[in-house]
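Just the heavy atoms: all of them, side chains too, but no hydrogens, waters or symmetry mates, feed the values below. Naming convention: chains lettered A, B, ... in sequence-line order (proteins, then strands); numbering from 1 in each chain. On a predicted model such as this, the values are computed, not experimentally measured, just so you know.
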Amino acid sequence: MNEYRYDNQTVQGFILSAIFWGVVGIVIGLLISIQLWAPAANLAPWLTYGRLRPVHTNGLAFGLGVGAIFGLFYYIVMRLCRRPLVFPRLARLHLWLFNAIIAAAAVSLLAGKTQSLEYAELEWPLDVAIVVIWVMFAVNVFATVIKRKEEQMYVSLWYVLATVVAVAILYVVNNASVPAGLWKSYHAYAGVNSANVQWWYGHNAVGFIFTTPILAMFYYFLPKTTGLPIYSHRLSIVSFWSLIFAYLWTGAHHLVYTPLPDWIQTLAIVFTLFLIAPSWGSVVNGYYTVGADWSKMRTNYLTKFFVLGITFYGLQTVQGPTQALRVVSQLIHFTDWVPGHVHMGTMGWVTMTICASIYYVIPRIHGTEIYSEKIANAHFWLVLVGQLLFSITMWITGIQQGALWKVQNADGSLKYSFMDGLVKNYPYWHTRTLAGIVFAVGMLLFVYNVLKTIQKGKALQASPPSPAPAAA
Amino acid sequence: MAGDIYRKPVSFALMAAVTVLVGSIVTMAYPMFRAEMHEKLEKLRAFTPLELAGRDVYQREGCMGCHTQTVRPLRSEVLRYGDYSKAGEFYFDRPFLWGSKRTGPDLAREGGKRPDAWHARHYADPQAVTPRSNMPRYAFLAQARLDPSEARAHYRVLASLSPKGQWTATDADFAALSQKTEMDALIAYTQWLGHAVQRRQAAGGVDLALANPLGDSPRAVARGAKVFEENCAVCHGAEGHGETQIAPNLMDDTFLGVKGDMPDGAYFALVTGGSDAKAALGRPGLPDGGMTAFGGQLSNDDIWAVISWIRAQQAHERKEAPALEQTEHLPGGKH
């Protein structure tokens, strides 16, 4: 029945779902960026900034990000284990449940059903459903890895397994809550304790959704795309273990100068600085891999996606630790600098790498080539320019905000009212919307290119001389 | 490192789990058993049913997406908002609502700063109060009635998580909710914020003998007019005639609800110290009036300049013919 050796339908299903939720999330991102400078664009009660922001973050982190992770992990796992999934029908059910959950999540957030925990907003019935699909995913991944036909587990599989384990721990602990109705619950932890658990989770959602899975893709698809082997196996071993060890200590850098005990803050800051090392371990590994033949940047259109992606990962993992320092945090924390930082990681590293991986996978499972390299190149430059314009604008306005909040007169009183500071953000917020539009246009080209490639693949299949099975 | 581990997925996963658990235990799980994570300020009291309903609205509308509730121990923040946040203020907060982005101002010290009527107007139409604000309108909250049974269910769950005796609502308190709207609830919660912490005190207390160092110089009056427009007109009106239930008229001959004006020193104490200065001045003011403490936020010179302007304006109004005054304030007449 399945003409492919691997269960490519499920892989493609996840990829298309991720793309769909990605478009939704980006459109909502544009809307809330407009709401920041045009309050009339808030349509109360359903479409206000306060309710839409979590739809944007969850839609992109879990709809686009985790959707792509599910699809591409299944793809990677099957190939690195050299066998189909052990439970292909479970994976298909997983796909349908995933989409049902994301749809329900969007509606429930618009209705204001939220736990008010960043990146853990979804109320408890959805949390239960998410645990169920995560277990389905874990069972399939572990069963397939255990029954693999390739003795050695490649680096990407380490990151896959660590992601599966760590996300499970993080998600269950932070979402522990006491239900007070079908769509209402209160956190199992109170006050500073609640804050500490949440940011232990929050920062490691970054670690185990936006870092380890994307590294798994990077370590698999970069060599596949370029034909160049990873530069150093030893470096990837050291980076891997030190990364997943250090990440879990760092959550409290989100709580610098809050009432959280100082020792937890300081410990988090120290480990955050340490994290530069394992992060750059992967950056160096990536650079030296491509460094074996830089001409790939010209001859293979996907190489630049991966190289720029890992470059932004490198910048992100230096900027992050810098922000954790008390002297920097006191200036930029709570300002627009922080969204600037986040979007460099998500637009520059995560989305760039996911898109490149999808560009690699979709033609392979259809036994064809990408529909248009020209469009892919246009996509690349648009998302690059859009992301840089976004991040740099937000860094500037963030520093300005932080500084204006502090300026004092000679007699020690404050020079600017809060509104004085806010009003000065408007030009930057306009620019941010413009940057978002540029990025969104780039992403729409990507979607178009992917859909056209699939169409091309289907046309090929329909034509009489059947194509040779896709070589993995 | 044993190379075998890369051939044994289950051992590998266990080792990965142990690796991620070390930091989790030290920085997240272990602190749970320390008293410093469960402090409670003596003055902190649990939410009333109305305040809790308001907190639920705050959560539902995602207010924490733009407003923080943590004043950091930085000089500029203490000046702007009030005393820095203490661990013991959040004993009842499940979850904490500190936020991570300050698009709007911090709200940890918002309670008692402004009167209820100001909040009602501001929540319904922020731009009517602060023209260039980017806050959405929440007028619909005033139309939404509270559901006492839902409020009771929420309240009981939270009460069950605290030692007995901390949550003291009676059946009558829940029944009373049916007459209240979500707007009332949100305002009650807003006024709850920061109640356990001493608000800013008038710097140097009240000194009625203080004289305005700027006097009635035209420069001071002009500067005062500007400062007044930017900071005071929101509540006291463009010409200082006040707003019903929000802020008193500064041009008539009553001061904080009592006939008879007070010297400049009293004005200075009130502007600097906010509502807390009322008791020291021995006058009640509006029942739930909340004069913001501007000490530290505005420079002393700016505050004196505002007083110069108020005095000049009072003198101007006294000089105006009463007939003119009446035509200026014809019902419906804008001026």
Please look at [X] and chain A and tell me whether the side chain, the backbone, both or neither of the residue comes under 4.5 angstrom of a heavy atom of that chain.
X        : value
B:Met28  : both
B:Thr68  : side chain
B:Ile25  : neither
B:Arg156 : neither
B:Cys66  : side chain
B:Phe12  : both
B:Tyr155 : neither
B:Leu97  : side chain
B:Thr130 : side chain
B:Arg7   : both

What residue, out of [options], has the most heavy-atom pairs lying under 4.5 Å from chain A?
options                              : answer
B:Ser133, B:Ala153, B:Gly99, B:Ala29 : B:Ser133
B:Trp98, B:Phe140, B:Phe96, B:Phe90  : B:Phe96
B:Leu141, B:Val22, B:Val10           : B:Val22

Less than 4.0 angstrom from a charged side-chain N to a carboxylate O is my criterion; do [X] and [Y] meet it?
X        : Y        : value
B:Asp106 : B:Arg72  : no
B:Arg109 : B:Glu77  : no
B:Arg60  : B:Glu182 : yes

Inset, instruction - Using the ring of B:Tyr84 (Phe, Tyr or Trp, six-membered ring only), decide whether B:Lys86 places NZ or CZ under 6.0 Å from its centre and within 45 degrees of its axis. - result: yes
Legend entry - Flag, side chain of A:Gln330 to backbone of A:Val327, donor-acceptor distance under 3.5 Å: yes
